[in-house]
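In what follows, a single structure is set out as structure tokens and then discussed.
A, B, ... follow the sequence lines: proteins, then strands. Residue 1 opens every chain.
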Amino acid sequence: MLLKENPVMATERYNPRASEPKWQKAWDAEKLFETKNEDPRPKYYVLEMFPYPSGRIHMGHVRNYTMGDVVARYHRAKGKNVLHPMGWDAFGLPAENAARDNKVNPRDWTYSNIKTMKGQLKTMGLSLDWAREFATCDPSYYRHQQKMFLDFWKAGLVERRSAKVNWDPVDMTVLANEQVIDGKGWRSGAPVEQRDLTQWFFKITSMSQDLLDGLDTLERWPEKVRVMQQNWIGRSEGLLVRWPLAKGTAPAGESELEVYTTRPDTIFGASFMAIAADHPLARKVAEANPKLAAFIDEVHHMGTSVATLETAEKKGFDTGVRVVHPFDANWTLPVYVANFVLMDYGTGAIFGCPAHDQRDLDFANKYGLPVVPVVKPEGVDAASFLITEEAYSDDGKMINSRFLDGMSPEQAFNEVATRLSGTTIGNRPQAERKVQFRLRDWLISRQRYWGCPIPVVHCDDCGAVPVPTEQLPVELPSEVTFDKPGNPLDHHPTWKHVDCPKCGKKARRDTDTMDTFVDSSWYFARFTDPWNEAAPTTLSYVDGKGGWLPVNQYIGGIEHAILHLLYSRFFTRAMKATGHVNAVEEPFEGLFTQGMVVHETYRGPQGWVMPAEVKVEEADGARKATLLADGTPVEIGSIEKMSKSKKNVVDPDDIIASYGADTARWFMLSDSPPERDVIWTEAGVEGAHRFVQRIWRLVADAAPALRDVAPKAGTEGDAATVSRAAHKILKAVGEDIERLHFNKAVARLYELANVLSPQVAVVNDGGGERAGAVRQALEFLIIMIAPMMPHLAEESWQALGGKGLVAAARWPAFDPALVVDNEVVLPVQVNGKKRGDLTIARDADQAAVEKAALALDFVQKALEGKTPRKVIVVPQRIVNVVA
RNA sequence: GCGGACGUGGCGGAAUUGGUAGACGCAAGGGACUUAAAAUCCCUCGAUCCAUGAUCGUACGGGUUCGACCCCCGUCGUCCGCACCA
């Protein structure tokens with residue numbers, strides 16, 4: 001048998017399937033990622049939005065948790081005491097649906113999903129502190145939530161009241177305002193109906209102003225999210241104005257109509273009043289007016305189907321009632337019921353000024369009401385300024401407004417406010433300034449089983465009574481049935497029947513559970529001490545000196561821009577008010593919203609097809625797809641968010657099994673900026689995997705020569721070039737990671753690999769400085785890829801003979817002398833066009849640079865004998881010769 | 001309708017925020033190695049032209065500037081959020 005001679009450089013391919021579990025075990029054995037609260041080093045808290053345990057992780061999780069892990073590992077390497085925990089947002093409706101459909105217990109279903117997903121997350125090699133793990137459905141978690149609910153109640157931050165609420169007919173539960181998107185339930189997508197119900201509310205509106213002001217302090221939040229929250233809170237400054245009803249037109253017992261306006265300056269342009277269909281005055285008039293009653297009924301029906309609302313025509317009905325103008329006893333205006341006026345904003349009544357509001361103008365044109373302009377643009381003649389089809393809503397000068405004429409709208413606003421505040425009708429001023437918010441109270445009652453029970457007992461004599469602290473938690477019963485529609489807790493034969501904690505009489509538990517957004521509104525605080533059995537938080541650890549909050553870097557999806565993030569901001573303030581945190585009000589100091597993972601769609605004769613079933617080939621510049629199974633042609637569709645319905649999903653398990661976690665992580669970080677969507681492609685993954693192998697080859701090829709070489713920066717020739725590149729890139733990568741510019745850091749690392757490849761190939765040859773310089777550059781490279789591809793980094797570190805684990809290694813410091821060059825290459829322009837380069841000493845002065853530039857032959861040639869008028873020298877940047 | 005973001009090669013994207021446009025990657029083409037393939041390595045890769053070079057080029061039209069992807073005015077397009085909020 002012929003023995004094949006082993007080539008010297010032969011290197012086995014890196015095998016992630018063998019390496020990755022090995023290093024994960026090594027980290028676990030060292031308890032490397034378990035964080036101690038007492039650790040004296042500076043703290044850094046990085047958190048990714050915790051997942052709902054739906055069953056399996058998806059690529060969105062992979063992207064989110066990879067980013068967080070890079071941040072965590074980087075700051076750990078920089079010497080911080082890093083908190084990087086993980087848990088489960090475990091309450092919610094899918095568990096009940098699974099229970100109904102598959103006859104499994106929601107608890108069993110949830111914990112089994114958690115087990116699966118935890119296993120999947122472990123294969124990703126995330127540097128998480130699993131010792132702090134909890135699920136929000138653990139009674140040991142929600143007991144504290146119940147305690148805080150009661151504390152909030154005592155502090156006046158909780159209220160039970162009857163209100164018009166959003167009813168989701170599919171999920172059979174009520175929803176908070178924020179959870180109604182385009183008139184549909186945020187989860188079910190079903191059109192939401194309005195119902196009158198008695199429910200629990202968190203009084204988030206009591207903090208409207210503070211929540212708005214707090215946004216200004218969130219410098220490390222995306223502008224976009226702050227604007228969205230600002231709009232959601234919706235502050236406006238205006239005037240409440242009371243208009244007396246004209247005698248003889250008002251129904252018995254009614255004497256005035258109060259409206260809210262942000263444009264009191266346009267009061268002389270008023271031509272009608274419009275009130276909501278539910279306004280008391282409308283109801284009263286309707287009692288004696290069947291036609292109006294029919295109109296109101298019509299509005300109600302339209303109101304329920306929100307889809308039609310967007311296109312709905314502006315309609316009104318003249319009630320016959322007239323109001324008297326506050327500044328002219330002889331001027332009366334009609335009162336209409338209008339379908340576009342909302343009862344629950346302001347007073348449910350407005351005055352219409354058609355000239356300066358498009359909606360009012362449309363309405364006035366439809367019903368033949370007067371249109372009188374009272375604000376004219378600068379430089380336009382008042383007499384000829386007419387409004388017909390387009391309302392004028394900009395600034396200008398007051399006209400047709402008696403004592404307001406000539407003023408600016410702002411002055412007129414103040415003048416009207418002052419005058420009307422000074423006059424009284426019925427012992428009250430006729431007007432008062434009012435700041436109005438769009439934000440409504442947070443409705444937290446849900447008529448569902450799988451949520452945190454509201455710890456209240458209803459007694460016929462004592463009313464709503466808090467469950468005493470020592471009886472917490474109020475635990476969910478385990479025997480429940482889901483065969484009837486409605487709330488399983490309410491159907492339960494025994495659970496709700498208890499004695500009143502106050503008087504001992506027979507009473508009933510509240511059968512509602514809390515909105516699951518309550519669970520996620522404080523989990524970040526619980527992570528700081530999840531072991532505390534006595535209280536939700538431990539004051540010495542939760543915030544302030546020696547505490548963790550605020551979260552230094554929070555990472556998650558933009559879809560929570562309002563819901564989760566606004567609720568958490570409220571909850572943190574409420575926790576402060578009830579002594580559960582020391583001082584912190586804003587829970588998230590830095591927020592980053594990452595983009596989605598998107599993928600091409602494929603459609604075959606039988607509908608959507610998964611990427612795994614498709615083969616894509618490129619021929620003659622056109623990409624063609626066929627079914628792997630039988631070669632049937634498949635149509636390549638648009639790139640969309642990965643979703644089950646379009647089947648354009650890639651399973652993280654499959655990717656990790658075939659390429660390894662490091663490849664998946666690297667791909668998630670390359671190319672696309674993290675805030676933008678990333679397109680998952682097979683070619684991209686393969687590219688990432690090629691780089692993994694390339695790094696391994698680089699290390700393995702260099703290891704024999706470098707194992708016993710001490711790292712040292714080079715000063716001459718190739719060695720100097722390598723070291724300069726390595727130190728510059730070390731500096732840049734650190735800065736990029738700190739700014740979360742992972743794609744740029746990745747590009748720098750490719751560059752370093754490109755610089756090192758030819759050096760490694762010759763590192764065995766000459767002696768000199770090269771070996772030390774290459775060794776140092778390789779170490780830098782390994783430490784820099786460690787946050788991104790931690791397993792490959794460990795394997796490489798070991799091959800090079802590094803001490804200990806890279807996961808515990810310190811981030812090296814770059815040498816400032818090596819990141820600046822002694823000579824700089826300045827581009828030289830003539831009349832703004834680049835003609836060549838000038839290489840000159842870094843510290844050359846202006847005059848020297850100017851002289852050297854003018855001496856260049858290409859400059860002389862471009863000047864064509866003309867004398868330069870001016871030479872602009874921007875130090876270290878550019879030279880421009882102007883002729 | 002209101003508010004916000006964005007528009008750069010075949011593609012994803014860089015460009016120190018007014019100073020060399022296209023870093024880095026993907027795709028493509030050519031070559032080397034190989035019996036062959038894979039892997040790997042090397043080269044080319046914005047467009048045009050009288051191709052040793054030059055001209056044009058960052059959605060489009062103007063402007064400011066010695067100099068504009070970047071600032072200003074206008075137009076077109078894409079995406080996101082809010083939407084009868086008085």
Using the [atom1] atom as the reference point in each nucleotide, state the distance between [N] and [M] in Å, no decimals.
N	M	atom1	result
B:U65	B:C80	P	40 Å
B:A21	B:A54	P	13 Å
B:A15	B:C71	P	14 Å
B:G18	B:G12	C1'	27 Å
B:G4	B:U58	C1'	23 Å
B:C56	B:G3	C1'	38 Å
B:C76	B:G25	P	40 Å

Separation of B:A86 C1' from A:Phe363 CZ (nearest whole Å): 13 Å
Set out, in order, the CA-CA distance, both residues' side-chain angles and the distance that settles ring-ring contact (aromatic ring centres under 6.0 Å, His included) for A:Phe272 and A:Phe363, then state yes or no. CA-CA 10 Å; A:Phe272 64 94; A:Phe363 191 83; 4.8 Å; yes
What does [X] touch in the nucleic acid at a heavy-atom separation under 4.0 angstrom: a base, only the sugar-phosphate, or nothing?
X	answer
A:Asp360	nothing
A:Tyr750	sugar-phosphate
A:Arg226	nothing
A:Glu751	sugar-phosphate
A:Lys224	sugar-phosphate
A:Val871	nothing

Would you say the side-chain atoms of [X] and [Y] include a donor-acceptor pair closer than 3.5 Å?
X	Y	answer
A:Arg263	A:Ser393	no
A:Asn648	A:Thr601	no
A:Ser236	A:Tyr260	yes

Kindly point out which of B:G25, B:C80, B:C66 is positioned nearest to the side chain of A:Val882? B:C66
Between protein and nucleic acid, restricted to nucleotides 14-16 of chain B and to nitrogen or oxygen atoms under 3.5 Å apart, what atom pairs and distances do you find?
from, atom 1, to, atom 2, distance (Å)
B:A14, OP1, A:Asn743, ND2, 3.4
B:A15, OP1, A:Lys744, NZ, 2.6
B:U16, O2, A:Arg877, NH2, 2.9
B:U16, N3, A:Arg877, NE, 3.4
B:U16, N3, A:Arg877, NH2, 3.3

Closest heavy-atom contact between A:Phe691 and A:Ala753? CE1-CB, 3.8 Å
Do the two ring centres, one from A:Phe268 and one from A:His325, sit under 6.0 Å apart? yes
If each of A:Val341 and A:Ile878 is mapped to the nucleotide of RNA chain B with the nearest heavy atom, which maps nearer the 5' terminus, i.e. the 5' end? A:Ile878
Any side-chain N or O of A:Arg697 less than 4.0 Å from the OP1 or OP2 oxygen of B:C41? yes
Please determine if a side-chain N or O atom of A:Arg690 lies less than 4.0 Å away from the OP1 or OP2 oxygen of B:C26. yes
Which of parallel (below 30°), tilted (30 to 60°) and perpendicular (above 60°) describes A:Tyr336 and A:Tyr367? tilted
Which nucleotide, if any, forms a Watson-Crick or G-U wobble pair with [N], using both distances under 3.5 Å?
N	value
B:U65	none
B:A28	B:U44
B:A5	B:U78
B:A21	none

Given the rule in the salt bridge (charged side-chain N to carboxylate O under 4.0 Å, His left out) test, do A:Arg235 and A:Glu237 qualify, once you have shown the distances and angles that lead to the verdict? CA-CA 7 Å; A:Arg235 184 184 198 271; A:Glu237 282 177 30; 2.7 Å; yes
